[in-house]
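Excluded from the calculations below are hydrogen atoms, water molecules and symmetry mates; all remaining heavy atoms, backbone and side chain alike, are included. Order of the sequence lines sets the chain letters (A, B, ...), proteins ahead of strands, with each chain counted from 1.
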Amino acid sequence: MKNFNNKTLISFSVLFILIGLLQGCSDFLEQEPGTQVSITEQLGTKQGVMTALNGLYSDVEVNVRGERFAVYADLQGGNIKFSPSTTSSSLGQITIPTNVLNVYAFEDQSDDSNYASFYSDSYDIINQANLILEFTDVLTDATQEEKDQLKAEALTIRAYTHFLLSEVYSQNYGYTNDASHKGIVYNRQSITKGIQYPARETAANTYSLIIKDITDALNLYSDNLVLSGPIYSFFNKTNTKALLARVYLSKKDYKNAYETANDVITNSGVSLVNSADYISEWEKPDLPISEILLEFSIPKGNDGTVRGSLSTFFGYTSATVYGRYVASQDLLDLYETNDIRKQLFLTQSISTLIDSKKDPRNYYFTKKFQGNPGYVAFRLSEQYLIRAEAALGLDTPNLEQAKLDINTIRARANATLLNDTNNLAEVVFLERRKELCFEGHLFFDINRNHKSVSRNDGCISLSCNMTYPSLKFVLPIPRANLNVNPNLEKNESY
Amino acid sequence: MMTLKAQPNLRKTLFFLAILLSAFKSFSQSQSITLHLKNEPIALIIKSIEEQSGFRVLYNARKIDANQKISIHIENASLEEVLKQLVKDKNISFYIQKKQVLLTNSTPSEIVTVKLQQKEKSVKGIVLGAKDKLPLPGATIRIKGTGMGAITDVNGKFVLQLTTHNSNAIELEVAYLGMQTQIQKIDNQSELVFYLEEAIDELNQVVITSSYGTKKLKEEIVGSISTINAKDIPVQQASESIDKMLEGQIAGVLIENTSGVGGPVKINIRGQGTLKSLTNSILGTSTQPLIIIDGVIMSEQSGIDHPYFDGGRLAEGLSNPLAMISTDNIEDFTVLKDAAAVGIYGADGANGVILITTKKGKQGKTKFTFSNQLGISSAVNQIKYLSGEQYTELRNDYLKNTSPGTALLPYNGVNTNWFDLLNKTGIYNKYNFSASGAGSKFSYRTNLGYLNIDEPQVGNTTKQLNAGINLGYNYSKWNVNLSLNPSFTKKDAPNTFYDFAYLPTISPYNEDGSYSNVGLSGGNSGGNPLAAIEQNRNRTTTSSILGSLNLGYELNKNIKFSTLFGLDYVDKEQDRWFSGENESGQNNGTFVLEGVTYPNSGRRLFNNRNSTRWNWQGQVLFDKEINKNNKIDGVLGFELSEEKGKFNYASASGFVNPNVIHNVEEVLQDDDPATPNVDETLGRQVRGAEISNASRVSAFAQVNYNYKKRYYALANLRRDESSVFGTDSNVALNSGVGLAWILSNEDFLNTSSWIDFLKFKISYGSTGNSRIGSYRSKGLYTISQNGYNGYLDARPSVAPNGNLSWEKNLKFNTGLDFNIFNTVELSLEYYYDNLSDLIASRDIPTENGYSSVQLNASSMYNKGFEFSTRIKWFQKEKFKWTSSFNLATVDNKVTDLVGLGSDYSVANLALAQKIGYSTTTIWGVNWVGVDPGTGRDLIRKNGQVYDAATYNRLFTQADWVPIGNTQPKANGGFSNRFSFNNSISLSITGAFQWGGDRLISDEIISKYSITSNRNMSVNAFDYWRNPGDVVSQPAPSNNTLLPNMSKNVYDATYIKISNINLSYNLPLKKIFFDTVTVFADVSNLLYWYREKSPSGMNGIREFSFNYPQARTISCGINTRF
């Protein structure tokens, strides 16, 4: 009997000890989610990081191809006016699309900003890039080369997105002499390090951080892609240099801008589209123009159907389905009659409500974004124009190179060639406007060159003209962010 | 054991075992014994008796000399006879109890003095229940004044060996748990019959106080525990699960009033357990109590963060897990409310705990019961809608006001009453069969119930099969219990349209008899409902099993070990088919197969939820009487549990022949030649899987102490470690203490003639709510197909918060239990629950990459009183009347909101989260009336009256004011039971709510903009037409939409008779049956609302349920044989 009791006691004791061990054994308490995956699990393997990077590209694509950013520079600068509304309640009426309603009038509201989602989506992208950067180093199943490539792309995306934010939310680099004016929040930490209440950097710091990220990335790029897909749809050494050239130009670091653009033009292996193919290259429905350096791939559904492209805003499909953003006469008038770029517009007659009567009117849709167009982030022509503008800004301006580059672009467009080097700064500005219209440059060019906005044809705002400098040349930091973060400074006048 | 209660001195030493357990023995009791032994020690003889009889013989070796030698010669004798021989002339008496024989020293001193006159007498008897005349095994028989006695055997029989001078004067006292104690004088009888009445005194009831094997007499309970027993559960109420039957029957337990069959359970114990969701999302912290059935922790059916399972359009319908248990199989339903009671459940106890015990086999021969109930159901208090003519008038006025110049529609003469077409008289049919019994070692009970509800909604049926199996086996110190509750439910509900207001001007049929189109397509409410009922499918099948295996070992009378493994397995599949033959399956778009373009018609959807939850617990229970005045008992144990949810879904739309049901696999399309690397053939089939897992490791302890049965103290402690918490804070430590003082056991009240019982109690402690949804702390990536360049994408969806922790709930409770005049039982309690660290979503700077995180960010309290009483007006044989009544209040207030933007966020201010207000507050604008001049709504704000449009320009959601509170001031219920001649009984149960508001959606009242395809309630017709009209609704237009105007808030005060049941015991007892009872029952008999509906219009009575509740009238028969 005694024995028996002891046995029982022992077995129960053993049981309790086992339980005690189990208590200590934390594996039982580690539960991982399913198709939703915890951050640590997702980024714990090379494959996971690659999937996350792929998702990051999707977000970058949506952010720049979305209505807000895609139309911003051309709309504010005056390349764009509106086609009549297609909704039944206001059919034929020319109205301002609601997503840009206040921005278009230079009176965006801080507490209900049209662009609040652009702001938050951009930082979402930056956080994703930071997560990838933080987890890639400790991967055990990736080679150093693969890790470097993953990090290079993430760094570039982080720099690129900050650069876009700085273009929209911070005055141009030359706004103050020493660029001591407010830049943007530069976020180099993911949320896993804790919730941050960051302050804005100065413009000078913002730019040096962007440039540091890009140069770091350039040191890491290998020649092999880690993700699958067309080469032009990912950041690589070449298009990252193109980005760097653009950043240097924006920073008015002309020497570096010149050299970097020159490097791209010389070494990219890409050549300019020739004159004969210029229109047809743009008209191709699915593939990008051949001189592309970076075009983000548009999203497609399960069945291969396109889920969104720039044609939503710029395309013309039928009399009832068309984009709301068309070329203004201001832009069209810049082209010489023989300029083949003048043929890059699709003329459509659309019934328009005028004085409570409906009349057909002609509208000019850009041919750049018909079919299934993606967002053109970088193409070679821009590098020529960067080199031209930078050449003019060098300590000893290289006017001949600038003229040469402008003429390269002009010759292709069948436009009159420059014979002299007079007033080249204005010429290069206009050439950019003509060549790069609808590609998101004009308003930033205006800012960089300290010019004023003048919108004439089709302008339906109370503020069609804005004189430089203006506090309204940047958008308001969303009020919600200011409310929760005492360290964040607002943009004045908002 | 029961005998020993009266002899504490003996008890101390009695369990000193002298004899080893023999090997396994047969179950048989009737085995005869043959002994031929000469001058052998008693010990040896006893051993032989044990071997032959299968009984264990116990005695105190200090009092009984087991070495004295005797001779015994007996052939084929019964155990009794053998024992009689054995103890002859030996100052030993014996009691037979269950499978044990107790030998005791039987020489009371006063008897010794008259030894010469002593005579021996053997008294036999039987103890039967008065009502059913069934034997009561295990009843205690005591010789009054001596503390000696016996216990009845399986057949209710007992034998007492008396050695006394005047046996006739001896009185026998018979006691049985739950029965009234009876005393009879022996006189000259040698066989006595006791008929025991059911006890009126509920205090001796044994209440289960946790799922860890702890029990207490009701009077000794320190915590706040309410129990409702099988006999008080109106199982004949026409419902499919226990929760609906108990509405209003337990103080402080608000069981939400619902309509329809099989919807999720909504039980609030002492108020809302967490913050009200701002978005009405079904995800997030659980507000439901922990439900434990026979030790098995039942998994709650809750949504997960996935489009096929989050309550959205593609998602499955959730169902009620309590439907897994047959209501006829429930023995008792216990609700644990305060910290002293739920403290042992720690981080899962905050919302209270419900313990359900299923019926076990009772001692006796195999008994069968069979019952059948058949009834009819019809909708009550349905919403009145506009007629075709009224609708046309309203629609035309709307068009005139919004699009001048639009051609108006003349009334087409059609007036379809869709409600009548989609609803009919339903049929409720229930069968139940059970068999149960128990021998000395083995007990068994099986139960099989079948419920078929042909719902009043045309086309919808629910079939439910519930079984229950309970097996118990006792051997020596071991006991094993197996409980299994398999169930199968099949619900067909193609009629998802029953509460949608279709246009009355549409005829359901075309002239050729085919179904007409109603102008709504796709989704869940599109299509001609009559066509959809015939052509669509919406079938949910659920198979589940809830089972536990319990093993116990009694080390000695002080220490018991037990362990339990419980499993809750549910497999549920919802299969939906939207036929292309009606508009519900006619989707946008086309597809191409073999070069032919087809419309995208027909849709098949499968949602499968498979959950397995197990818990394994082990505990040691101790119970020690230190001395006469000090007693201590308690439990110490561990528990592991794991829940694994597997979710699968498959869907596809676009079938070549969409008019007949097809499988998802049949959705094919041509491969796109432009993308040679991708095969699009199967591209339109959507499939996926999701998992949701959680695990927990816990240890717990509880100690009870009492002094002189007057002062009681309780303490409990629990440590939980859970996978759902953040890694930084995954351990929860909770504890509670309670004190009770039974004043009526004090000398100064002991003699009071009118106070039967008076107890004061108080408790305080902490609990938590760890059911916050899995992975909320982790930070998630969501993976999607077809991402960038067509490859997989992973993008962050939920921000991590490693500090995320369980919600805390500090509970204070105090109360009085007061029984007077043997008639009235009163119980009054006050509680104050302080809830903190409630999880809320808070805004963070979006520069972090996320706009919000989940934080433990707010606090609130729930406090209130609970009062319950039970009065036994009459307890005569001929007429009995018992009433019970309960009432509870809840006062809720948000006391703290941790910042991070809540001070600014409009969305957060708008709803239910404002310091100083209840989380159930309805926020909105004060409606003054409709301006007779303009026909527009007028709103009062800060004493100023504004036109609704002006108001909307000037003010935002942040300016909303409280316009009501959904939490009632008090709610409760009542029941009355009458019984005549023990053969006719009548019971009436009801529930009520005092105060509490309801915001009715404006969709069918004044949202005129949706009239293009929806009808409205008749209230909408009271709209402004001409200047000077004094009306309740504005002119039909796209006017400023303020859905939460005070005019849409209704006072929901009501009294409801939920069930009336009349039953009659047929006098058929001698013919095969033990009992035959016939009954008639009405469920949901009537409602009384304080706020009356305006004449001809709808009010709270109609608007309470979008789809009306059903009233069921039924009758049935219960038999036992």
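Residues passing the side-chain contact (heavy atoms from CB on, under 4.5 Å) test with B:Arg795, sequence neighbours excluded: A:Ser58, A:Asp59, A:Gln128, B:Ser784, B:Asp793. In this structure, the side-chain hydrogen bond (donor to acceptor under 3.5 Å, both in side chains) partners of A:Tyr57, at least two apart in sequence or on a different chain, are A:Glu153.
Side-chain contact check for B:Pro800 versus A:Ile191: some heavy-atom pair is nearer than 4.5 Å. A:Asp124 is not listed as a side-chain neighbour of B:Tyr850, based on a closest heavy-atom distance of 4.5 Å or more.
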Apply the test side-chain hydrogen bond (donor to acceptor under 3.5 Å, both in side chains) to residues B:Tyr781 and A:Glu41: give CA-CA distance (whole Å), side-chain angles for both, the deciding distance (0.1 Å), then the verdict.
CA-CA 9 Å; B:Tyr781 266 92; A:Glu41 186 178 271; over 6 Å; no
Show, in sequence, the C-alpha distance, side-chain angles and deciding distance for A:Ile39 and B:Leu780, and conclude whether the side-chain contact (heavy atoms from CB on, under 4.5 Å) test is met.
CA-CA 5 Å; A:Ile39 291 174; B:Leu780 299 180; over 6 Å; no
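Side-chain contact, B:Asn789 with A:Ser228: no donor N or O sits under 3.5 Å from an acceptor N or O.
The nearest pair of heavy atoms linking A:Phe234 to B:Tyr788 is CE2-CE2, 3.6 Å.
A:Ala52 touches chain B through backbone and side chain together, each having a heavy atom under 4.5 Å away. In this structure, chain B has a heavy atom under 4.5 Å from the side chain of A:Leu488, while its backbone stays farther away. Only the side chain of A:Glu61 comes within less than 4.5 Å of a heavy atom in chain B; its backbone stays farther off.
Partner of B:Glu847 under the side-chain hydrogen bond (donor to acceptor under 3.5 Å, both in side chains) criterion, out of A:Asn481, A:Asn485, A:Asn487: A:Asn481 alone.
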